Protein chains: 2
Amino acid sequence: MATGRTHRPATRSRGIPEATVARLPLYLRALTALSERSVPTVSSEELATAAGVNSAKLRKDFSYLGSYGTRGVGYDVEYLVYQISRELGLTQDWPVVIVGIGNLGAALANYGGFASRGFRVAALIDADPAMAGKPVAGLPVRHTDELEAIITDNGVSIGVIATPAGAAQQVCDRLVEAGVTSILNFAPTVLSVPEGVDVRKVDLSIELQILAFHEQRKAGEDAAQTAATPPRVPRTTGGGRKGPDGDVPAVMPA
Amino acid sequence: MATGRTHRPATRSRGIPEATVARLPLYLRALTALSERSVPTVSSEELATAAGVNSAKLRKDFSYLGSYGTRGVGYDVEYLVYQISRELGLTQDWPVVIVGIGNLGAALANYGGFASRGFRVAALIDADPAMAGKPVAGLPVRHTDELEAIITDNGVSIGVIATPAGAAQQVCDRLVEAGVTSILNFAPTVLSVPEGVDVRKVDLSIELQILAFHEQRKAGEDAAQTAATPPRVPRTTGGGRKGPDGDVPAVMPA
DNA sequence: TCCTGTGAAAACTTTCACAGCT
DNA sequence: AGCTGTGAAAGTTTTCACAGGA
C-alpha cells in the first residue's frame with residue numbers, strides 16, 4: 001500500500017522492513033503514553049498489548065533497530081522513545097503545508113497529533129479567494145497563488161493534499177515542482193509523480209468498503225446466497241455504480 | 001494493517017486474500033471512472049495503470065474472484081463493476097453512524113464517496129448537548145443518549161468513531177453492545193473489542209510519520225550522520241516526546 | 001527466573017513467464 | 001496477434017521456539 005508511482009526497487013533503507021516502519025508510530029504512541037505515566041520500563045508483552053500487536057512481532061521489529069532491551073527486564077521507556085523517534089526522523093522539525101482547507105483540511109490543521117511529533121504546519125493553502133486571510137487553527141489561510149513562495153521560504157518538503165479529486169493532480173504537480181518530495185494524499189485519485197517523490201494515500205471510503213466486505217461474510221455465515229457456485233449473474237446488470245459520484249472528498253472550499 | 005483485536009485465525013473468507021480485498025476498492029474506483037466515460041472494455045494493463053498497481057497483480061487479484069475477462073480482449077467494464085461491488089457487499093445498503101461531529105466527523109458526513117458506494121449515513125451523534133439538532137450535511141446531530149436507539153432502529157452494523165481519543169473506547173463499547181460489528185476508528189487509540197467485531201484504524205499522523213522516515217533517508221543520502229555504526233547515543237537523552245500531547249484528533253465538539 | 005534477541009519454519013504476497021483462448 | 005488466467009519462483013512478513021544474558 002502506497003509509495004507512489006515510483007516502485008522503490010529495493011531501497012528498504014538500512015534494511016528496516018517497510019512493515020516494521022509502518023508499526024513504529026504505533027509503538028511510539030504506546031510508549032509516549034507510558035512515558036507520560038512515568039513508567040520506567042516495559043516488557044515486550046505489555047508494550048505489544050498496548051500497541052495492539054503480538055509480542056514476537058514487536059521484538060522482531062525492535063531487533064531491526066538494534067538491541068535496545070535488557071533480558072529479564074524489558075525496555076527502558078524513555079530510551080526507546082528516543083530511539084524510535086530518531087529512527088523515524090521525528091527529532092527534527094518537519095514543516096508541512098496543507099492544501100485544500102475544507103472540513104478535512106481544517107480537521108488536519110487542528111489535529112494535535114502533528115505538532116507533538118515534530119510536524120509543524122507551516123501554512124494552510126486554499127484556492128478559494130474568499131478563504132484567504134481567514135484564520136483556521138490559528139493560521140491565516142493563504143491563497144494558492146502563493147504556494148511556490150510558501151514552499152520555498154519555509155523549506156517545506158512534505159505536503160498534504162485535501163482538495164477535491166479534480167484539483168489534486170494539479171496541486172501535486174505544483175508542490176513537486178516547488179520542491180516537495182513527500183505527499184500525503186487524501187483526495188481519491190491516483191497521483192502520478194516523478195521518481196524520487198513518495199506518495200501515501202489515505203482513502204476514507206476504502207476502509208469502509210473493506211469493512212463491508214467482512215461484514216457481508218459475517219451476515220451470510222449460515223443461509224448464504226453467496227454459495228459455492230459463483231452466480232455468473234446477468235451479463236447486463238449495469239444497474240450499478242453510476243450516479244452523481246464525482247468522488248469529492250470531504251472538502252467544502254466554497 | 002488493522003483488523004481488530006480478534007486475530008481472525010484463517011477466516012480469509014472463500015479464499016480471497018486480504019491483500020486482494022484491500023485493492024478491490026481501488027479497482028472499483030478506476031472502473032467507475034471508466035464506466036462514467038462509457039468505456040466498454042479495458043485491458044489489465046490499462047486498468048492497472050489507472051489504479052496504480054501492476055498488471056500481473058491485478059490479473060492475479062481478479063483470478064480469485066473468477067474468470068471475468070475475455071482473452072485477447074480484456075474486461076467488460078460494467079460487468080466487472082458489478083462483480084466487484086457484489087464481492088465487496090456494496091450492492092446492499094449499509095447504514096452507518098458517525099460518532100463525534102467535530103471537523104473530522106463533519107468532513108466524513110459530507111464525504112460524497114460514501115453514498116455512492118452503498119453507504120448511507122443513518123445518523124450523526126455527538127456528546128455535546130449544544131450540537132444536538134444542529135444540521136450537519138443535511139442531518140440533525142443527535143445526542144449520545146440516543147445512540148442505542150439509533151443503532152437498533154436503523155439496523156446499523158457499521159460505526160465510525162471520530163471522537164477524541166479519551167472517549168473512543170467508551171463509545172466503542174456502547175456501539176458494540178448495541179449491535180455494531182464493524183468499526184472504523186479515527187481516534188488515535190487501540191480499541192479493544194470482543195471476538196467477532198472488526199476494527200479498522202485510520203491514523204492521520206501515522207502516515208505522516210512514515211513519510212518522514214523516508215524523507216529522512218533521502219536527505220541523509222550523502223553526508224549521513226546516520227552512519228553504519230548505531231550511535232548508541234547518550235542514555236539519558238530524555239529530551240523527547242513529552243509535552244502536551246493528549247492525542248486528540250481533529251475534533252472540536254465544543 | 002524472567003524476558004530479550006534471533007535463527008528457522010510457515011504463511012502470505014508479489015512477480016515472472018507462458019500456455020491457451022478469442 | 002493480443003490478452004487473460006495461472007502455475008511456479010522469488011520475495012516479504014509473521015510466527016515459532018528456544019538459546020542465552022541479566
Side-chain angles (χ1 to χ4, degrees), chain A residues 1-3 7-24 26-27 31 39-77 79-80 83 210 230 232, chain B residues 1-3 7-24 26-27 31 39-77 79-80 83-84 210 230 232 235:
Chain A
M1 197 123 284
T3 309
H7 289 300
R8 176 179 315 291
T11 311
R12 260 238 338 251
S13 341
R14 184 142 50 84
I16 299 182
E18 198 53 38
T20 295
V21 172
R23 279 187 296 266
L24 291 181
L26 243 54
Y27 302 143
L31 284 164
V39 176
T41 61
V42 66
S43 71
S44 64
E45 196 67 57
E46 293 165 326
L47 183 53
T49 302
V53 302
N54 76 38
S55 63
K57 194 186 287 182
L58 177 144
R59 287 200 303 278
K60 184 62 111 182
D61 283 342
F62 286 179
S63 80
Y64 294 116
L65 308 184
S67 290
Y68 293 152
T70 308
R71 292 171 199 231
V73 179
Y75 301 93
D76 180 290
V77 171
Y79 185 56
L80 243 198
Q83 290 299 344
I210 297 171
R232 241 347 176 156
Chain B
M1 196 128 286
T3 309
H7 289 301
R8 176 178 315 291
T11 311
R12 255 231 348 249
S13 338
R14 186 147 43 87
I16 300 182
E18 200 50 40
T20 295
V21 172
R23 279 187 297 266
L24 292 181
L26 243 55
Y27 302 143
L31 284 165
V39 176
T41 61
V42 66
S43 71
S44 63
E45 196 66 59
E46 293 165 326
L47 184 53
T49 302
V53 304
N54 76 37
S55 63
K57 196 186 286 183
L58 176 144
R59 285 200 304 280
K60 183 61 111 183
D61 283 343
F62 286 179
S63 80
Y64 293 116
L65 308 185
S67 291
Y68 292 153
T70 307
R71 290 167 200 233
V73 178
Y75 300 92
D76 181 289
V77 172
Y79 185 56
L80 242 199
Q83 289 300 344
I84 295 179
I210 297 171
R232 243 347 179 152
R235 189 79 187 204

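Just so it is clear, the model here is predicted, and its values are computed rather than measured. Proteins come first, then strands; the chains are lettered A, B, ... in the order of their sequence lines, and each starts at number 1.
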Checklist entry - For the pair made of CG in A/Asn54 and P in D/dC16, what is the distance, rounded to whole Å? => result 7 Å
Next on the checklist: Please confirm whether the shortest side-chain N or O distance from B/Ser44 to OP1 or OP2 of D/dT4 is below 4.0 Å.
Outcome noted: yes
Checklist outcome for this item: Of all heavy-atom pairs linking B/Gln83 and B/Tyr68, the shortest is OE1-OH, 3.1 Å
Item to check | Rounded distance (Å) that lies between atom C1' of C/dC3 and atom CD of A/Glu46 | outcome: 11 Å
Checklist outcome for this item: Here the gap from A/Thr20 atom OG1 to A/Tyr64 atom OH, rounded to the nearest 0.5 Å, amounts to 5.5 Å
Checklist entry - Whole-Å distance between D/dT12 P and A/Ile16 CD1? => result 15 Å
Checklist entry - Between C/dT14, D/dT13, D/dA22, which one does the side chain of A/Ala19 approach most closely? => result D/dT13
Checklist entry - If every non-hydrogen atom of A/Lys60 is compared with every non-hydrogen atom of A/Ser63, which pair is closest and at what distance? => result O-OG, 2.6 Å
Item to check | Closest approach of B/Tyr75 to B/Leu58 (non-hydrogen atoms, all atoms of both residues) | outcome: CE1-CD2, 4.3 Å
Checklist outcome for this item: Out of C/dT4, D/dG5, D/dT14, minimum distance to the side chain of B/Arg59 belongs to D/dG5
Next on the checklist: Without decimals, in angstroms, what is the distance between B/Glu45 CD and C/dT15 P?
Outcome noted: 13 Å
Item to check | Residue pair A/Thr41 / A/Asp76, side-chain donor-acceptor N/O under 3.5 Å | outcome: no
Item to check | Distance below 4.0 Å between A/Arg23 side-chain N/O and D/dT14 OP1 or OP2 | outcome: yes
Checklist outcome for this item: Rounded to whole Å, CG of A/Leu80 lies from C1' of C/dG5 at a distance of 14 Å
Item to check | Whole angstrom value for the distance that separates P of C/dT6 from CG of A/Leu65 | outcome: 11 Å
Checklist entry - Closer than 4.0 Å, any side-chain N/O of B/Lys60 to the OP1 or OP2 of C/dT14? => result no
Checklist entry - Under 4.0 Å between a side-chain N/O of B/Lys57 and OP1 or OP2 of C/dT15, yes or no? => result yes
Checklist outcome for this item: 5'-most contact on DNA chain C (nearest-nucleotide basis), A/Val73 vs A/Asp61, goes to A/Val73
Next on the checklist: What's B/Tyr75 touching, base or sugar-phosphate or nothing? Going by heavy atoms closer than 4.0 Å.
Outcome noted: sugar-phosphate
Checklist entry - Rounded to the Å, how far apart are B/Glu18 CD and D/dT14 C1'? => result 15 Å
Checklist outcome for this item: Side-chain contact check for A/Arg71: nearest option of D/dA19, C/dT6, C/dC16 is D/dA19
Item to check | Separation of D/dA22 P from A/Asp76 CG (nearest whole Å) | outcome: 16 Å
